[in-house]
There are 2 protein chains.
Amino acid sequence: MKDITLKEIATKLGISITTVSKALKNYPDVSAKTKQAVIDLAQNLHYTPNSFAVNLRTKESKTIGLIIPEVVHHFFSNVINAIIDEAEKNGYLVIILQSNESLALEKKQVELLIKKRVDGIIISLSNESNNDDHLKEIITRNIPFVMFDKINKLISCSKVIIDDQKAAFNAIQHLIDNNCKKIVHIRGPLNPQNSIDRYIGYKKALEKNNIPFDTKLVYTCETVTFQEGVDFAKQIIKDHPDVDGIFAVTDLVAVGVLSYFNDNNIKVPGQVAVIGFSNWFMSQVLTPKLSTIDQPSHEMGIESFNLLLEEMNCHKEGIPFKPRTIELETNIIIRESSIKNNPIN
Amino acid sequence: MKDITLKEIATKLGISITTVSKALKNYPDVSAKTKQAVIDLAQNLHYTPNSFAVNLRTKESKTIGLIIPEVVHHFFSNVINAIIDEAEKNGYLVIILQSNESLALEKKQVELLIKKRVDGIIISLSNESNNDDHLKEIITRNIPFVMFDKINKLISCSKVIIDDQKAAFNAIQHLIDNNCKKIVHIRGPLNPQNSIDRYIGYKKALEKNNIPFDTKLVYTCETVTFQEGVDFAKQIIKDHPDVDGIFAVTDLVAVGVLSYFNDNNIKVPGQVAVIGFSNWFMSQVLTPKLSTIDQPSHEMGIESFNLLLEEMNCHKEGIPFKPRTIELETNIIIRESSIKNNPIN
DNA sequence: TTGTATGCGTTATCAT
DNA sequence: ATGATAACGCATACAA
């Protein structure tokens, strides 16, 4: 099946390429019957504009790039879902790339997208990301750019975030309200802003309740995996047999903790209350059901794309765009794993 | 930051565009020093070929399209992960689109990818997909095309699948070996080949063991969701109080069943043994841990891309390509939910 | 209302 | 070894 071009249609109709082009784009300066003839023939021949040529002419690809740490992740896959759909509604396609939590890969992916000349880039940083060069490059090249969730405060671009400090504070306050006296925090890696903020929220809540902060009660994830949760659970019980509350940086790790405790007959919440972060789907089907913080992943995706879209539109029109930061609300979801005064325990 | 073109480099060096182009592509007929001068300047200026122009000239975009029912799905996100990485290794980027299990959307997504002129398409069909036109269109246009997991037998293209019949047969045989006499099958929707095959496997296993097949013991999913599992569990217990085994078409549904049983004090596996399909991550952290069939999602992604790559290469060279079907092995994963003679029950 | 001419940036053919 | 020229398919300023 040969590709149909404007030229073919023009030749077949005995008119110029220009007129065909104008007719198809519904320009006002084409006579009604010419327009109709062109449209009819184009339809007959299943004409499709050659997007490569259109890209070259218009200098836009109607494609955006999305870089996330990994697809197989409840939170990120939800964001992806939202971004893809929202982009499509607005005529954009999405190229997805993973950094696998590696800075080197993240840099490579940024480079690939720049070379690809996507119209805009949305990114959630990897845990290793402590170097700005590749991000600055995006700014320098004047490519519309949005960061979400795992952001870099120092880069001037639009951002979509939550108040991690406040959310973590609420989680800890909830544990304290449920009679937890010795609360361990399994924190995220040292670099990411959100794991820093959750850690600060933990400290602030202790302080507010006059509970002395103890660095020995803080464990730091490297891989942020289920297995790490299992391993930390074991270690924590060994180090602090009297621990009565655990706040994990994310549900996946909390699930590891729960799994170890279940397998070793340590009662949750009876002996130790547990709360996670992010509200992964599985949290609601575990035994006991895991308390957590709900993060509006879908909304985050939608807002991220729309911020990018706004910037892409300004970019096209040559209008200056002022980056904005959108902060979305979180909700604490109290289930079974954190309620000490629950009669069933 | 202005875009650097071949022309700029040529002008700055006082040579022709042609020579610059050749030098950068390491053609043999350029003098060593000219070549070096060009390469140096290009590097200095951060020259990047304009991919739009390259696409137009070469008629390929080094981009493939991937259509799946939904991203937020343990199996599919694993396949996506593999395809993205494998594609990148081979110099391809991936545009991802979701059909949301809707035939209409699936058709639209295929159309979008064709218009985008991707170099190839990988698809896993939606549950509604019973119409071939859009798939035939891909074949007609001679676009390299691979289907995986949820395929259409009637379309002649490369496929990557598992033996759903055999896997389901094994699951049922396992239940029977564990003293299940009255086994319910919660099957998938009527269209998809894999839900048909799992259903056939169920029937064959019963037959082999001289257990009469009873249509009343078959429940058919529409949405294939957690909630549907919950609802069916309730209905099943009401319809058949003496049910002692359940085989669900996929883990998500099995988890719904488990959740209902847990909440209503119906013992698994004591009263009812349960087995799922696909080995979702959460299955191993539930109480009781869910038995299931492991599907090689990662391998499936890799094989799918490589089949596509092979076809794309043939396509480029003008060599005819003969579609192949790759069948991957599955494993039955026996955990707690299906072992009736387990001493702890 | 229609058409001519030009350029987007690259690649490839064919002279020189 | 180097370069002039055309072509990929489309969009648009400008001329007729």
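Since this is a predicted model, take the numbers as computed values, not measurements. Just so we're on the same page: letters track the sequence lines, and every chain starts at 1.
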*Flag yes if more than 12 heavy atoms outside Lys115(A) fall under 6.0 Å of its NZ atom; otherwise flag no.*
no

*Measure from NZ on Lys316(A) to P on dA11(D) and round the result to the nearest Å.*
14 Å

*Nearest to the side chain of Asp29(A) - dT1(C), dA11(D), dT10(C)?*
dT1(C)

*Would you say Lys153(B) has more than 12 foreign heavy atoms packed within less than 6.0 Å of its NZ?*
no

_Rounded to whole Å, please give me the gap between CG in Asn26(A) and P in dT12(D)._
14 Å

*asked:* Under the criterion side-chain contact (heavy atoms from CB on, under 4.5 Å), I'd like the reasoning laid out for Leu112(A) against Glu88(B): C-alpha separation, chi angles, the key distance, then a yes or no.
replied: CA-CA 10 Å; Leu112(A) 277 176; Glu88(B) 181 170 353; 3.5 Å; yes

*Check whether any side-chain N or O of Ser31(A) sits under 4.0 Å from OP1 or OP2 of dT1(C), and answer yes or no.*
no

*Between Thr58(A) and Gly14(B), just flag the one whose closest nucleotide in DNA chain D comes earlier from the 5' side.*
Gly14(B)

*Tell me: CD1 of Ile17(B) to P of dA7(D), nearest whole Å?*
17 Å

_Under 4.0 Å, heavy atoms only, any strand: does Leu56(B) hit a base, just the sugar-phosphate, or nothing?_
base

*Nearest of dT2(C), dA11(D), dT2(D) to any side-chain atom of Thr34(A)?*
dT2(C)

*Go through dC10(D), dT10(C), dT2(C) for me and flag the one nearest to the Pro49(B) side chain.*
dT10(C)

_Taking the side chain as everything from C-beta on, heavy atoms only, tell me whether Ile122(A) gets closer than 4.5 Å to Ile67(A)._
no

*Looking across every strand, which nucleic acid part, if any, lies under 4.0 Å from Ile15(B) by heavy atom: base, sugar-phosphate, or nothing?*
sugar-phosphate

_As a test of reading the structure: which of dT12(D), dC8(C), dT2(D) is closest to the side chain of Lys7(B), going by heavy atoms?_
dC8(C)

_Rounding to an integer number of Å, can you tell me how far Leu6(A) CG sits from dT12(D) P?_
12 Å

_Gap between atoms CG and P, on Leu45(B) and dG9(C) respectively (whole Å)_ = 15 Å

_When you measure from the side-chain N and O atoms of Ser16(B) to the phosphate of dT2(D), is any distance below 4.0 Å, counting only OP1 and OP2?_
no

*Go through dG3(C), dC8(C), dC10(D) for me and flag the one nearest to the Thr5(A) side chain.*
dC10(D)

_side chain to side chain donor-acceptor pair (under 3.5 Å) partner of Ser126(A), chosen from Lys150(A), Lys107(A), Glu106(A), Glu101(A)_ = Glu106(A)

*Could you give the NZ-to-P distance, from Lys115(B) to dG9(D), as a whole number of Å?*
18 Å

*Mind calculating the distance between CG (Asp3(B)) and C1' (dT10(C)) to the nearest angstrom?*
14 Å

*Given dT2(C), dT5(D), dT10(C), which nucleotide is nearest the side-chain atoms of Arg57(B)?*
dT10(C)

*asked:* Under 4.0 Å from OP1 or OP2 of dG9(C): is there any side-chain N or O of Lys59(A) that close?
replied: yes

_Donor-acceptor pair present, Thr18(B) side chain and dA4(D) base, under 3.5 Å_ = yes

*Supply the atom-to-atom distance Ile4(B) CD1 to Asn50(B) CG, rounded to the nearest 0.5 angstrom.*
12.0 Å

*Looking only at side-chain N and O atoms, does Tyr47(A) come under 4.0 Å of OP1 or OP2 in dC10(D)?*
yes

*Taking only side-chain nitrogens and oxygens of Lys22(B), does any of them come within less than 4.0 Å of OP1 or OP2 of dT2(D)?*
no

*Does OP1 or OP2 of dA12(C) have a side-chain N or O of Tyr27(B) closer than 4.0 Å?*
yes

*asked:* Can you tell me which nucleotide in dG9(C), dT11(C), dA11(D) comes closest to the side chain of Lys25(B)?
replied: dT11(C)

*Whole angstrom is fine here: how far is it from CD in Glu60(B) over to C1' in dT10(C)?*
14 Å

